[in-house]
Protein chains: 2
Amino acid sequence: MTDLTSRQKIILSLIVHEHTRTAQPVASKTLIEDYGLPISSATVRNEMNTLAELGLIRQPHTSAGRVPTEEGYRFFVSNLVQQTVLPSATRNTISHQFYQSRRGLDHWLPLAASVLANQSQAVSLVTAPHSEKIAFKHLELISTRGLQVLMVLVLLGGEIRQQILALDEAYGQEVLSRTANHLNQEFENKSLRQIEALEPSNDPLVQQILTAILDQMHLSEDLVTGELFLDGLSNVLSTPEFAATNQERSPLRLLEERPMLNDLFSRTVLTEDIGGVQVLIGGEGTWQELRDCSVILTRYGIQDQLSGMLGILGPMRMPYGQAISTVRFVGDLLSDLVTDTLIE
Amino acid sequence: MTDLTSRQKIILSLIVHEHTRTAQPVASKTLIEDYGLPISSATVRNEMNTLAELGLIRQPHTSAGRVPTEEGYRFFVSNLVQQTVLPSATRNTISHQFYQSRRGLDHWLPLAASVLANQSQAVSLVTAPHSEKIAFKHLELISTRGLQVLMVLVLLGGEIRQQILALDEAYGQEVLSRTANHLNQEFENKSLRQIEALEPSNDPLVQQILTAILDQMHLSEDLVTGELFLDGLSNVLSTPEFAATNQERSPLRLLEERPMLNDLFSRTVLTEDIGGVQVLIGGEGTWQELRDCSVILTRYGIQDQLSGMLGILGPMRMPYGQAISTVRFVGDLLSDLVTDTLIE
DNA sequence: CTTAGCACTCTCCGATTGAGAGTGCTAATT
DNA sequence: AATTAGCACTCTCAATCGGAGAGTGCTAAG
């Protein structure tokens with residue numbers, strides 16, 4: 001598939017670049033004039049014909065300029081895109097924002113979304129990191145009033161889940177604390193499966209709490225529950241690709257449908273895989289809504305322990321080089337932060 | 001201001017109703033044909049002239065039908081809107097969703113947003129409830145590794161805040177638990193101000209933790225940090241009022257700007273106040289972006305203790321009766337739930 | 001005060017037109 | 001064999017025009 005002459009590659013790159021800039025079909029004359037190609041427009045047109053036969057570019061209509069096809073973008077991203085290095089000033093500014101602020105994912109995740117959106121001028125998505133293996137870390141029972149007890153459950157990895165329990169019987173804070181401590185010793189670092197396998201207790205209080213703990217751990221197992229941070233919606237509202245001309249078919253709809261998003265995230269086999277950064281171009285036949293869009297995703301965190309997804313969604317006509325670099329950079333940054341603050 | 005004849009009120013109501021339905025200017029003939037008014041179109045036109053002089057309706061251009069003005073909608077909402085009662089089937093369905101699911105705000109809030117969005121076919125906003133007075137409830141220190149400690153802070157009202165502390169010196173879980181218990185006894189139910197007023201401890205560990213606690217309590221004081229749940233974006237993407245024709249001026253932009261949102265929420269003096277539900281029509285001169293939109297808001301929770309905001313944002317042309325009822329219903333529902341599970 | 005009647009105005013839609021952009025093809029050149 | 005100049009051709013886009021239709025405002029009669 002790499003059997004393009006170097007001149008054809010240059011021309012394809014230029015078409016992609018120019019079309020990204022102007023959103024217009026690219027004329028042969030534009031290329032030689034604006035980019036100073038040392039050949040004539042007729043030659044460019046001949047090459048364009050070849051590229052069109054290969055399905056990499058197309059004409060919106062006879063006698064118009066050329067536009068990259070989905071395939072064309074794919075070829076470009078796989079073979080031609082040059083990773084831009086973010087200017088060190090930009091990198092420093094971004095890092096600084098993360099390291100100066102209070103430590104904690106609750107700040108970092110929205111911040112990551114914000115940075116991604118601003119840098120890429122697209123929509124950004126960041127999911128909260130999620131443990132591969134759910135395991136118990138710490139339990140706390142806090143008496144509130146009447147039969148109500150606030151249960152705070154900390155999982156390995158640092159995920160915190162809370163629930164209000166309505167107990168069958170009133171217990172003092174004294175008893176609750178003792179029970180919690182007892183369970184803390186018994187369960188520490190045990191996985192969901194291990195806890196499930198333990199034989200049930202006779203104590204009704206323990207039984208009730210155990211049920212709640214298992215409930216919460218099961219919930220935490222589902223990706224669906226994880227928090228999702230979005231930003232940059234306003235960046236794309238005005239672009240034609242996101243306009244809701246085609247009623248109800250706007251790509252933004254995807255962002256509100258958790259099942260679809262999880263599907264998107266869990267798609268491990270993506271067509272383009274650039275050093276951990278995955279590029280999904282034009283919905284890859286699966287997502288109608290993304291026909292004119294691209295998604296750039298990466299996983300961050302710690303392999304097999306605590307990881308999340310982060311990426312951007314923008315028009316297919318997108319500065320891929322910069323976008324990929326930005327996603328990678330922010331991903332690496334978050335990975336470092338997560339590693340530093342891992343609860344184990 | 002209520003000095004309209006009853007016939008004028010009927011005509012205004014019908015114009016509002018019809019325009020809400022069709023989004024088109026309303027002709028005099030339409031009113032008598034579709035709504036069976038026992039008068040002629042000429043009479044209707046005369047009345048329309050009066051209404052136009054009062055600034056309640058206007059013509060987009062000479063010889064077109066009439067459209068309600070901002071003032072017209074305001075008059076309608078203040079004087080004419082009839083609160084529809086949600087069908088009991090609908091009410092039951094909604095209640096059921098809340099009461100069947102696991103108890104906990106983390107489920108209820110997104111659910112409320114989803115219900116509001118579906119019912120109103122507009123964008124919904126729900127903020128997490130927030131304590132008026134920040135006060136300490138419970139502290140937990142969990143040793144993780146090295147110098148790192150996970151601090152979990154429960155505030156009165158049930159808000160949970162977590163932070164990872166990097167201590168100066170390594171302490172065992174033993175010491176941490178003792179310290180936490182000690183602070184729990186000393187601080188229980190104390191407000192931020194009271195804790196600030198206490199004289200500092202000599203223990204360096206306590207000092208460091210106290211700093212973190214106060215930091216977190218201060219953060220919790222800012223509305224800005226509260227979580228915000230949105231839903232129903234796709235409901236309005238295709239409506240002209242939300243289209244980003246006027247670049248960067250889409251009402252949806254507001255939803256990404258926390259300062260603006262807080263401003264909106266904190267605006268206590270709203271022009272229309274219907275039994276706790278506030279209706280903001282056309283941005284009220286303050287929000288340019290909302291020129292063609294309306295916001296229906298209400299506060300839920302427990303007065304002076306733990307409360308949040310919830311509401312919808314839709315086109316000015318909106319079925320106010322139903323929208324107001326829905327907002328009120330969901331607000332009351334959440335208030336009940338919050339009251340039931342209050343941490344005190 | 002209400003209404004029938006009618007002229008008037010303004011929008012909307014389709015058809016028409018001309019200019020301009022950009023191509024494809026052919027024949028000449030390197 | 002590859003490149004290029006030249007030119008006719010095609011298609012879009014924007015502007016213009018005109019007629020149909022919707023809806024009003026006004027006047028005069030009931």
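By convention in this document, chain letters (A, B, ...) are assigned in the order of the sequence lines, proteins followed by strands, and residues within each chain are numbered from 1. Not measured: the values here are computed from a predicted model.
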- Nt span of DNA chain C in reach of chain B heavy atoms at under 4.0 Å, 5' end first, is dT2(C) to dT11(C)
- Task: Would you kindly compare S63(B) and V44(B) by the position of their nearest DNA chain C nucleotide and give the one closer to the 5′ end?
- Result: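 Taking each residue's closest nucleotide, the earlier one in sequence belongs to V44(B).
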- Message: Need to verify one output field. Residue with the more 5' nearest nucleotide on DNA chain C, S28(A) or E47(B)?
- Response: E47(B)
- Message: If the threshold is 4.0 Å, N to carboxylate O, is there a salt bridge linking E284(A) and R74(A)?
- Response: yes
- Message: With a 4.0 Å cut-off on N to O distance, would you call E241(B) and R317(B) a salt bridge?
- Response: yes
Answer with base, sugar-phosphate or nothing: what part of the nucleic acid does [X] contact at a heavy-atom distance below 4.0 Å?
X      : answer
N46(A) : base
V26(B) : sugar-phosphate
S41(A) : nothing

- Note on the structure: In short, S114(A) meets D231(A) closest at the heavy-atom pair CA-OD2, 3.2 Å
- Message: Using five base pairs at each end to define the local axes, how bent is the helix from dC1(C)-dG30(D) to dT30(C)-dA1(D), to the nearest 10°?
- Response: 30°
- Item | Between S40(A) and T43(A): side-chain donor-acceptor atoms closer than 3.5 Å | yes
- Regarding S28(A) and R45(A), is there a side-chain donor-to-acceptor distance under 3.5 Å anywhere? yes
- Note on the structure: So CD of Q121(B) and CE of M318(B): to nearest 0.5 Å the spacing works out to 11.5 Å
- Query: If you round to the nearest 0.5 Å, how far is CG of L313(B) from CG of L290(B)?
  - Reply: 6.5 Å
- Task: Evaluate the side chain to side chain donor-acceptor pair (under 3.5 Å) criterion for residues S294(B) and Y320(B): first the C-alpha distance (whole Å), next the side-chain angles of each, then the deciding distance (0.1 Å), finally the verdict.
- Result: CA-CA 9 Å; S294(B) 286; Y320(B) 286 96; 2.6 Å; yes
- Rounded to the Å, how far apart are Q8(A) CD and dT3(D) P? 10 Å
